[in-house]
Each structure stands twice: as C-alpha cells, then as structure tokens.
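Both ligands and their constituent atoms are indexed starting at 1 by order of listing. Hydrogens, waters and symmetry mates are skipped; everything else that's a heavy atom, side chains included, is used. Remember, predicted model here, so these are calculated numbers, not experimental data.
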Amino acid sequence: MINVSIVVPIFNEHESIPHLEKWIRAVMEKHKFRYEIIMVDDGSDDGSWKVIESLVELNPQVKGIKFRRNYGKSAALNTGFQEAKGEVVVTMDADLQDSPEEVPELYKMIMEEELDLVSGWKKERHDPLSKTIPSKFFNRITRWVSGIQLNDFNCGLKAYKNAVVKSIEVYGEMHRYVPVIAKWAGFKKIGEKVVQHQERKFGEGKFNGWYRGVKGLLDLASILFVGKFGKRPMHFFGPFGGLMFMLGFFSAGYIGISKLYRLSQGMQARLVVENPFFYIALTSMVIGTMLFLGGFLAELISRTSVDRNNYLIEKVIGNGDAIRKI
Ligand code: UDP
Ligand code: MG
C-alpha cells in the first residue's frame, strides 16, 4: 500500500526538478513513507523530459508521464490523479515554491482528522504584487460564490483522500477550483493549512496576464452551473425563460388592450409600434422563448450524455449486488 502519491505538473522546469526529487526523497525517507512521485510533463520543450527520465532511473519511486504538447496544469493534474495509487494524493508545483516538508503534516491531517482535502495557504507569500493583488480578488469571489471558506484557493500544494481525486475531473483552468469541484462531488470536509512558500529560483512563472484571470472566472461559472444544474438544466433555463416570456406577453397584451380601449372611447391613440415598450415586450418574449428552447436542448443533451446516471456512491451495504461500481 502506497501512503502518499505526489503529483507534480511540469512545464519547462528542468532546473528545478532534480532538486525537488531529492528534497521529496529526503522527507519521505525520514518519515518512512511508502510513496510515489508522478511527474507529468505538460509538453515541455526545455529538456525537462530528459531530466525526468534520468530521475526515473535514479529513483524507482518516480513515474514519468509525457504529454505530446502543452495542455495546461489542470490536464496534467487530472492525468496524475488517474494514475495515483496512494491513500493520500498530494499535488505540488515543480518550481520549488512549495515545500515537501509539509507533506507529512498534510498526510496526518487527512488520515487522522478524516478530512477529504486540505488546501495549502501561502500566508507569507513570495510573489510579485502583480500576482498577489488579483489573487486576493479571486479568492474573495470564489469564497463568496462557492461558500468554501479558504484563504488561498490557488495554492499548488494540496492534499486529497484518494477517493476524492478518483471522483472528480479537472480541465480548462479549473486547477484553482479543485476544492469547489470536490465540494460539488460531495466531499465537504475541507481543511486548510498554512504552508511555507519560497521565491521562484529557476525558470519563470507561467500564469501571468489578466486574460488568465478571465478564463478562470468563466471556469468558475461553468463549475457552479454544471454542479448545480448539470443534471437538470431546464430548472435553470425554465424559470428565466418563463418569466421573460410572461413579462413580454402581458406587457404586449396590456399595450394592445389599452390601445383598443382608447379607440373605443374615441380618444386619440398612437400606433402600437410608436410605443417603445412594445419593442421591449417583443424582445422579452423572444428572449424568453430562446431561453426555454435552450433549456429543452440542454435537457436533450444531458439525457444522451454517458454519465447522466453516474452518481458517486460512497458505500453499499447488504446484498447490493446490482451496484458494483464504487
Ligand atoms: N504548469 C504546467 N502547465 C502549464 C503551466 C504550468 O504543468 O501550462 C506547472 C508548472 O510547471 C508548475 C505549476 O504548474 O509546476 C505552477 O506553475 P507556476 O509556478 O508558473 O504558477 P504560479 O506559482 O505562478 O501560480
Ligand atoms: Mg510557482
């Protein structure tokens, strides 16, 4: 039985990874852990793979997985998660900013406090202001919409119970929101641990620029939407669509009837099309119908999706032979 799997996403970090392997090995041996290091090379072009090959030779605990091209940190983590065999799965950046010394304590928190996941908190952070300020903003938004009270969602150092990583899927820029995805999958016991953070010594940071942030926010919106309405999309589109349509319908009706009324009273009445509200009512009916149609289409799509009836089963007791998938 492997105690800890350490998953390391790697994109152009050839200088750092030998140090990282050595450091992890020292800590693991000191604490007598059975461990594996899963290095996922996310399409590096700086010779990182060569270094990983040499590390695999040096240390049988190291596994290497190489992507044909750069797919992003989330993809690398997801692949590592599928491979991980340890009771506890720890993710760690390759750039030596996260410290392997934290692993034993993280392991203990998962095993003894029975937490589903523990997220690192870089309380004292060694990054430029251009990173720390947007990061504060994102943490606040994510806390607010997800209801998870973590200080630092974006920390690369996190630990999970094995069942968690086998039950979730991370893609796009979603690596920041793994706790949110886990919570939606039903893993609610989420802890936080203050961790040490170092300055980057080698290579350069990959997540710069505001556009990344925009993508991140869109991913957050998708996670929330899929988590809440993925299996019943009409419950999202239906009320909005219905409301919009009704609003438009009754306003148009009111405009028409009030015109007829004025005419019948021999009053002057302007043309319906001269009334700006007429156009608002019309648009609202059109949007309402479209939302409704969107809902139906989404229902059709989710009906045909392969995992429409995939629920995460935690336990089966008694003669539950029919359900084998746990
Ligand atoms: N990374 C990756 N694929 C990418 C970008 C980054 O696997 O497309 C890895 C990178 O090698 C590092 C980790 O993700 O191990 C975090 O990257 P970085 O240190 O640039 O992020 P930051 O610490 O600035 O948030
Ligand atoms: Mg870093």
Side-chain angles (χ1 to χ4, degrees), residues 5-24 37-52 55 62-84 89-100 102-103 119-139 142 150-159 170-179 195-217 219:
S5 300
I6 300 181
V7 176
V8 189
I10 295 169
F11 181 49
N12 294 345
E13 312 274 7
H14 75 280
E15 287 151 307
S16 310
I17 41 186
H19 299 282
L20 184 69
E21 185 276 329
K22 209 165 136 193
W23 196 359
I24 294 177
I37 307 175
I38 302 170
M39 298 195 163
V40 187
D41 179 3
D42 182 17
S44 303
D45 52 16
D46 70 337
S48 291
W49 181 247
K50 278 251 158 317
V51 182
I52 295 172
L55 292 175
V62 179
K63 276 187 192 163
I65 298 172
K66 182 179 180 350
F67 283 171
R68 206 168 274 283
R69 68 172 180 85
N70 178 244
Y71 284 103
K73 186 175 176 182
S74 294
L77 289 180
N78 199 60
T79 305
F81 285 166
Q82 285 170 7
E83 189 60 37
V89 181
V90 176
T91 61
M92 188 183 287
D93 287 354
D95 53 5
L96 299 169
Q97 288 195 276
D98 301 328
S99 160
E102 306 283 357
V103 174
S119 182
W121 173 13
K122 300 163 287 188
K123 200 168 183 182
E124 239 180 77
R125 208 174 151 173
H126 299 275
D127 275 323
L129 272 186
S130 62
K131 288 198 82 132
T132 52
I133 291 176
S135 167
K136 281 216 167 77
F137 174 71
F138 282 115
N139 282 321
T142 313
L150 287 180
N151 289 289
D152 185 4
F153 283 88
N154 199 14
C155 185
L157 186 56
K158 291 193 175 75
V170 198
Y171 59 95
E173 299 281 310
M174 293 187 185
H175 52 267
R176 296 182 186 82
Y177 304 117
V178 185
V195 294
Q196 304 163 29
H197 189 240
Q198 272 77 234
E199 236 169 283
R200 209 178 224 285
K201 284 199 205 89
F202 309 106
E204 40 192 61
K206 276 93 196 170
F207 296 106
N208 304 315
W210 60 273
Y211 189 54
R212 289 245 176 215
V214 174
K215 288 198 270 182
L217 279 188
D219 280 339

Practice problem: Measure the CD1-CD1 distance between I52 and I37 for me, rounded to the nearest 0.5 Å. | Solution: 11.0 Å

Exercise. Spell out the protein N/O/S atoms under 2.8 Å from the Mg ion (ligand 2) as residue plus atom name.
Key: D95 OD2, Q97 OE1

Quiz item: Knowing that exactly one of N78, D42, D93 qualifies, which makes a side-chain hydrogen bond (donor to acceptor under 3.5 Å, both in side chains) with K73?
Solution: D93

Quiz item: Do L217 and V214 come within less than 4.5 Å of each other through their side chains, counting heavy atoms only?
Solution: no

Quiz prompt | Protein residues having a heavy atom less than 4.0 Å from any atom of ligand 1 | solution = P9, I10, F11, E13, D42, N70, G72, K73, D93, A94, D95, Q97, K131, R200, G205, K206, F207

Quiz item: Does a side-chain heavy-atom distance below 4.5 Å link K158 with P179?
Solution: yes

Self-check item: N154 and F138, any side-chain heavy atoms less than 4.5 Å apart
Solution: no

Practice problem: Fit a plane to each ring of F207 and H175, take the angle between them on a 0 to 90° scale, and name the class: parallel (under 30°), tilted (30 to 60°) or perpendicular (over 60°). | Solution: tilted

Practice problem: With the side chain counted from C-beta on, respond yes when N139 and D152 share a heavy-atom pair under 4.5 Å apart, and no when they do not. | Solution: yes

Practice problem: Decide yes or no for W23 and S99: does some side-chain heavy atom of the first lie under 4.5 Å from some side-chain heavy atom of the second? | Solution: yes

Quiz item: Looking just at side-chain N and O atoms, do R125 and S135 make a donor-acceptor pair shorter than 3.5 Å?
Solution: yes

